[in-house]
Amino acid sequence: AKISQTEDWFYQWVVVDPRKPQTYKQAEKLLKSKKTLGIKLHPGLHGYSLVKYGDDIFSFANELNTVVLTHPAEDDKRENVSIASIAGRYENMKLIIAHLANKDHVNAVLAAENVYVDTSGNASTQNNIIEYAVETIGSEKILFGTDTYSCAFQKGRILLSRISQKDKENILRKNAERIFSL
């Protein structure tokens with residue numbers, strides 16, 4: 001956390017575990033910093049269902065007018081649409097579903113106005129998934145993500161995709177600037 005306060009280029013996320021009330025207090029404190037982008041969730045790794053706890057987390061994020069980044073549901077891909085529908089009830093928060101991988105992620109974005117997807121991870125290398133997502137949901141709903149073994153590889157996937165220059169700029173920079181008010 002200290003490095004985010006001293007380096008202009010470095011930002012942080014805060015983790016909330018809906019089963020631990022103290023994490024909400026910590027999040028509320030850290031979210032006051034302009035260097036904290038929002039709340040990051042990994043329900044699968046932490047062992048809880050975002051369908052079960054989504055209202056708790058999203059209402060909290062809504063009160064603070066912040067962004068929530070979550071790893072997608074892996075067991076039941078339709079669960080991503082359910083999670084997006086829950087997020088759609090809270091207009092003052094934004095949900096980013098990480099690791100664009102398939103049509104289920106695109107369908108989740110279609111489920112609510114305030115839901116986005118990022119391109120992080122190896123899954124976005126699947127044939128035409130970037131192009132399909134831009135065609136279906138628009139480049140304004142897609143963010144460049146770096147949660148992968150090679151940021152350069154991920155950037156190349158966007159730069160070499162068969163989408164317009166404007167779409168590439170949206171994904172690589174403009175959407176983040178808009179969503180995070182940078």
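Here the structure is a predicted model, which means the values were calculated and not measured.
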ask   = Is the backbone N or O of A87 less than 3.5 Å from a side-chain atom of N114, with the two atoms forming a donor-acceptor pair by type?
value = yes

task = Please list, chain by chain and in numerical order, all residues satisfying side-chain contact (heavy atoms from CB on, under 4.5 Å) with Q22, sequence neighbours excluded.
result = K20

ask   = In terms of side-chain heavy atoms, does S120 have a donor or acceptor partner in Q154 at a distance below 3.5 Å?
value = no

key: Within residues 128-138 or reaching into it, pairs that qualify as side chain to side chain donor-acceptor pair (under 3.5 Å) - sequence neighbours excluded   = N128-R162, E131-R157

N102 side chain vs H105 backbone, donor-acceptor pair below 3.5 Å = yes

ask   = Looking just at side-chain N and O atoms, do D167 and S164 make a donor-acceptor pair shorter than 3.5 Å?
value = yes

ask   = Got a sec: does the CD of E91 have more than 12 other heavy atoms crowding it under 6.0 Å?
value = no

key: Qualifying salt bridge (charged side-chain N to carboxylate O under 4.0 Å, His left out) pairs, either residue in residues 33-45, two or more places apart   = none

inquiry  = Could you work out, with ring-ring contact (aromatic ring centres under 6.0 Å, His included) as the rule, every residue matching H42, not counting sequence neighbours?
reply    = H71

ask   = Of all residues at least two apart in sequence or in a different chain, which pass the salt bridge (Lys or Arg N to Asp or Glu O under 4.0 Å) check with D17?
value = R19

key: Set of residues satisfying side-chain contact (heavy atoms from CB on, under 4.5 Å) with respect to A84, sequence neighbours excluded   = A108, A111, V115

query = Is S4 reaching over with its side chain to a backbone N or O of F10, donor-acceptor style, under 3.5 angstrom?
reply = no

message = Exactly one of L95, L64, L31 should register a side chain to side chain contact (heavy atoms under 4.5 Å, CB included) with I39. Which one does?
response = L31

request  = State which residues pass side-chain contact (heavy atoms from CB on, under 4.5 Å) with K141; sequence neighbours excluded, sorted by chain then number.
outcome  = V109, Y116, I137

Would you give me the side-chain donor-acceptor pairs under 3.5 Å for residues 174-182, sequence neighbours excluded?
from	atom 1	to	atom 2	distance (Å)
N175	OD1	R178	NH2	2.9
N175	ND2	S139	O	2.6
N175	ND2	I142	O	2.6
N175	ND2	N170	O	3.0
E177	OE2	R173	NE	3.3
R178	NH2	E140	O	2.9

message = Under the rule for side chain to side chain donor-acceptor pair (under 3.5 Å), what residues qualify as partners of S85, not counting sequence neighbours?
response = none

What side-chain donor-acceptor pairs closer than 3.5 Å can you find for residues 49-58, not counting sequence neighbours?
from	atom 1	to	atom 2	distance (Å)
S49	OG	V51	N	3.2
S49	OG	K52	N	3.2
D55	OD1	R89	NH1	2.9
D55	OD1	Y90	OH	2.6
D55	OD2	R89	NH1	2.9

